[in-house]
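Below: the structure, in structure tokens.
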Amino acid sequence: MMDYELLTILLPAFAAGILVLSTHVVLGKQVLKRGIIFIDLAIAQIAALGAIVVRMDHDIAELAYAYVWMPALFALAGAGIIAWLAKHMAEELEAMIGCFYVLSAVTAMLLLANDPHGAELLKQLMSGQILWVSWQQLLLPTMVYSAILALIFYKPKILDGAAFYLIFALVITLSVELVGVYLVFSTLILPALAINKLQTKRVLLWAYGVGLVGYLLGLCLSASFDLPSGAAIVATLALSAVVFRLVSKVALKNQ
């Protein structure tokens with residue numbers, strides 16, 4: 001039986017996973033539709049770059065909510081540039097987004113090269129620390145995600161225009177702080193890939209199911225075997241997506 005102390009750690013972590021899934025499943029489907037697979041990695045890495053700047057500059061770090069608005073500014077700037085590229089360099093967009101990601105990652109490494117805690121900070125931003133998320137940390141993402149989901153529900157076509165990049169940047173900024181870059185990418189792409197060939201009205205519900213199973217299994221494995229939580233969840237999300245894709249393919253053939 002799971003002890004109370006472990007449960008107090010797993011519950012907020014699982015709640016963080018549910019929050020991230022709530023927006024990422026919808027946005028991930030749009031990412032696949034647009035064919036800009038690496039935009040999430042690029043924006044997440046740019047947001048992480050903003051977080052690094054906050055941690056390196058004590059004057060900025062002392063400003064209220066700097067850990068939120070500085071990464072958000074970086075992510076919004078990156079999203080704005082990508083939106084411009086999508087309009088003027090559509091044929092080379094995916095290549096340009098890939099370059100964005102690499103340049104952001106290299107810049108982060110250069111900024112942290114002489115920081116004695118640089119490697120640990122970079123690992124934290126990439127892999128995240130979802131197991132140590134507190135209920136208080138979930139308040140702001142809950143409010144922002146709820147507003148964004150309400151907007152998408154009432155105006156679904158907003159995701160087809162340039163506003164998609166603004167929404168994407170805001171969501172990614174908060175998600176990176178909660179779960180790290182790798183989980184942000186995995187949560188966007190893996191559930192979306194799992195349901196990509198389905199033609200049903202409940203397609204998003206299946207995607208949420210794939211994501212929830214992945215997060216739950218990953219957190220349990222991480223807690224039970226003392227594994228890195230981010231890496232464990234990425235692996236179980238991939239497993240959940242592959243199994244669902246195979247099962248749904250067999251089910252469609254038998255219809």
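This is a predicted model, so every value here is computed, not measured. The basis for the numbers below is simple: all heavy atoms, side chains too, and nothing from hydrogens, waters or symmetry mates.
- Here the shortest heavy-atom pairing between S240 and V210 reads OG-O, 2.9 Å.
- Of the N and O atoms on the side chains of T236 and Y215, not one donor lies less than 3.5 Å from an acceptor on the other residue.
- For the pair E94 (side chain) and I37 (backbone), a donor-acceptor distance under 3.5 Å is present.
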> How far apart are the C-alpha atoms of S22 and L149, what are their side-chain angles, what is the distance that settles it, and do they pass the side-chain contact (heavy atoms from CB on, under 4.5 Å) test?
Replying inline: CA-CA 8 Å; S22 68; L149 287 171; 3.8 Å; yes
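- Cluster annotation: F14 and L138 are assigned to the same hydrophobic cluster (Ile/Leu/Val/Met/Phe/Trp/Tyr, side-chain heavy-atom contacts under 4.5 Å, transitive).
- Closest of all the heavy-atom pairs between L190 and V234 is CD1-O, 4.1 Å.
- Contact annotation: the side chain of K33 approaches that of D160 to within less than 4.5 Å [non-hydrogen atoms, C-beta and beyond].
- Side-chain atoms of Y182 and T187 form no donor-acceptor pair, as typed in the model, at a separation below 3.5 Å.
- Geometric assessment of R34 against the ring of F168 yields a negative cation-pi assignment under the 6.0 Å and 45° thresholds.
- The nearest pair of heavy atoms linking T173 to A75 is OG1-CB, 3.2 Å.
- No more than 12 heavy-atom neighbours from other residues, nucleotides or ligands sit within 6.0 angstrom of NE2 on H58.
- Contact detail for K29 and V203: the closest heavy-atom pair is CE-CG1, 4.0 Å.
- Atom OH of residue Y165 and atom CD1 of residue I172 lie 13.5 Å apart, to the nearest 0.5 angstrom.
- The hydrophobic cluster containing L216 does not contain L239, counting ILVMFWY residues as joined when their side-chain heavy atoms lie under 4.5 angstrom apart, directly or transitively.
- Remark: I152 CD1 to I167 CD1 distance equals 5.0 Å, nearest 0.5 Å.
- Enclosure of atom CH2 in W135 by more than 12 non-hydrogen atoms of other residues, nucleotides or ligands within 6.0 angstrom is indicated.
- The residues E120 and R55 are annotated as not salt-bridged, no charged nitrogen and carboxylate oxygen being separated by less than 4.0 angstrom.
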> Checking side-chain contact (heavy atoms from CB on, under 4.5 Å) for the pair I43/F100: CA distance, chi angles, key distance, verdict?
Replying inline: CA-CA 8 Å; I43 298 296; F100 249 66; over 6 Å; no
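- Among all heavy-atom pairs drawn from A232 and S222, the shortest one is CB-CB, 4.2 Å.
- Atom CH2 of W132 is separated from atom CD of Q137 by 12.5 Å, given to the nearest 0.5 angstrom.
- Relative ring orientation between F244 and W206 is described as tilted, the plane-to-plane angle lying within the 30° to 60° band.
- A donor-acceptor pair is defined here as one N or O able to donate and one able to accept, closer than 3.5 Å; no such pair exists between the side chain of Y101 and the backbone of Q45.
- L198 and V247 are members of different hydrophobic clusters when ILVMFWY side chains are connected at heavy-atom separations under 4.5 Å.
- The minimum heavy-atom distance linking A108 with I52 is given by the pair CB-CD1, 3.5 Å.
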> Please walk me through it: do L19 and L174 pass side-chain contact (heavy atoms from CB on, under 4.5 Å)?
Replying inline: CA-CA 10 Å; L19 269 178; L174 294 173; over 6 Å; no
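- Tracing side-chain contacts under 4.5 Å through hydrophobic residues (I, L, V, M, F, W, Y), one reaches I97 starting from W84; they form part of the same cluster.
- Here the side chain of R245 pairs a donor or acceptor atom with the backbone of L193 at under 3.5 angstrom.
- Taking CG of L178 as the start and CD of Q129 as the end, the distance is 12.0 Å to the nearest 0.5 Å.
- The CG atom of L85 sits 6.5 Å away from the CG atom of L93 when rounded to the nearest 0.5 Å.
- In terms of hydrophobic clustering, with Ile, Leu, Val, Met, Phe, Trp and Tyr side chains grouped at heavy-atom distances under 4.5 Å, L151 and Y145 are assigned to a common cluster.
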> Between L76 and W69, does a side-chain contact (heavy atoms from CB on, under 4.5 Å) hold up when you go through it step by step?
Replying inline: CA-CA 10 Å; L76 288 170; W69 59 259; over 6 Å; no
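- With rounding to the nearest 0.5 Å, the separation of CG in L139 from OG in S134 is 8.0 Å.
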